[in-house]
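Here is the structure we will look at, set down as structure tokens.
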Amino acid sequence: MRLRNVPGAREVMIENQYVYTEPEGMRGTWKEVFGNENPIHIEIGMGKGRFISTLAQMHPAINYIGIEKYSSVLLRAVEKQDELQLPNLRFIRMDAEAIGEVFGEGEVDQIYLNFSDPWPKDRHAKRRLTSRQFLERYDGILRKDGKVEFKTDNRALFEFSLEEVKEAGWNLDAHTFDLHHEESMNEGNVMTEYEQRFSEMGNPICKLIASRDFKK
Ligand code: SAM
């Protein structure tokens, strides 16, 4: 993703009440942040935040945390949240590689990955947010019956992700290579910024839902 540096964005993040820039000490305390026992859903690589902000407005009984590496990208979402002041929405500015240090075991109920960076070179495969290395990190923080939902228009990244889900021993609950024409999976779909842009260009959108075996 092309990144425009926005002067002052870093300082805004440090001071804003909805953003955590040093989240390592927060492990196991996220329910206290929201002041309730509601489930916690996270989006990793949330960009400008339209998806997670829309979900937070639609589902007040779910807590949402958007994770984004760059202050300049996160800025738009934070400005919108300053206006909306949704009590069930927070942001973390961090590289998701450290996600296991920020959430405790089973602290997260659902993980969304939308239009994640493809990292096309083979030697960078482990940086892809659907790689087996990331699935292992998610395994450490996701509730046993929690799900990972992934959308992309990048067919190569999607096929890689299908393989990784299998290799990591996760279950592929559902998948489609053309979400917007698959009625059952598209029902209630909330579009992301990238999803809108790429589908308007005529690109089909792929989606998968993955989970692990669990015993109640
Ligand atoms: N999810 C948004 C959407 O669908 O419109 C944005 C997609 S954009 C292509 C990917 C975003 O993920 C970028 O904002 C990027 O900075 C962020 N990102 C990529 N790798 C990340 C990582 N390891 N940790 C946190 N954010 C990451």
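Ligands are counted one by one from 1 in listed order, and the atoms in each one are counted from 1 as well.
Residue-to-ligand polar distances place A96 within reach of ligand 1: an N/O pair is separated by less than 3.5 Å. Checking only distances, E97 never comes within under 3.5 Å of ligand 1, N or O to N or O. Residue E195 places no N or O, backbone or side chain, under 3.5 Å from any N or O of ligand 1.
Ligand 1 places these atoms under 4.0 Å from at least one heavy atom of T192: 3 (C), 4 (O), 5 (O). Atoms of ligand 1 found under 4.0 Å from any heavy atom of N114 (numbered from 1 in listed order, with element): 1 (N), 2 (C), 4 (O), 7 (C). The contact set between ligand 1 and Y70, taken as ligand atoms under 4.0 Å from a residue heavy atom, comprises 16 (O). Each of the atoms 4 (O), 7 (C), 8 (S), 9 (C), 10 (C) of ligand 1 lies under 4.0 Å from some heavy atom of F115. Shown in contact with M46 at under 4.0 Å from a heavy atom are these atoms of ligand 1, numbered in order with element: 1 (N), 2 (C). Every atom of ligand 1 is numbered from 1 in the order shown, and the set under 4.0 Å from a heavy atom of M94 is 24 (N), 25 (C). Listed by atom number, the atoms of ligand 1 under 4.0 Å from E193 heavy atoms are 5 (O). Counting the atoms of ligand 1 from 1 in the order shown, those under 4.0 Å from a heavy atom of D95 are 22 (C), 23 (N), 24 (N).
Of all the listed residues (K48, R93, K69), K69 holds the heavy atom that lies closest to atom 27 (C) of ligand 1.
Shown are N189, N203, N114; of these, the side-chain hydrogen bond (donor to acceptor under 3.5 Å, both in side chains) with E195 is made only by N189. The side-chain hydrogen bond (donor to acceptor under 3.5 Å, both in side chains) test with Q110 singles out one residue from E149, E43, H41, and that residue is E149.
A cation-pi arrangement is absent between R155 and F158 under the rule of less than 6.0 angstrom and at most 45 degrees off the ring axis.
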(request) Using the salt bridge (charged side-chain N to carboxylate O under 4.0 Å, His left out) rule, take R212 and D139 through it: C-alpha gap first, then chi angles, then the decisive distance, then the call. (result) CA-CA 8 Å; R212 297 152 298 164; D139 186 42; 2.6 Å; yes
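Under 4.0 Å from ligand 1, not a single heavy atom of R50 appears. Contact annotation: for V73 versus ligand 1, heavy atoms closer than 4.0 Å belong to the side chain alone.
At least one heavy atom of E43 lies less than 4.0 angstrom from ligand 1.
If you look at W30 and Y20, their ring centroids are closer than 6.0 Å.
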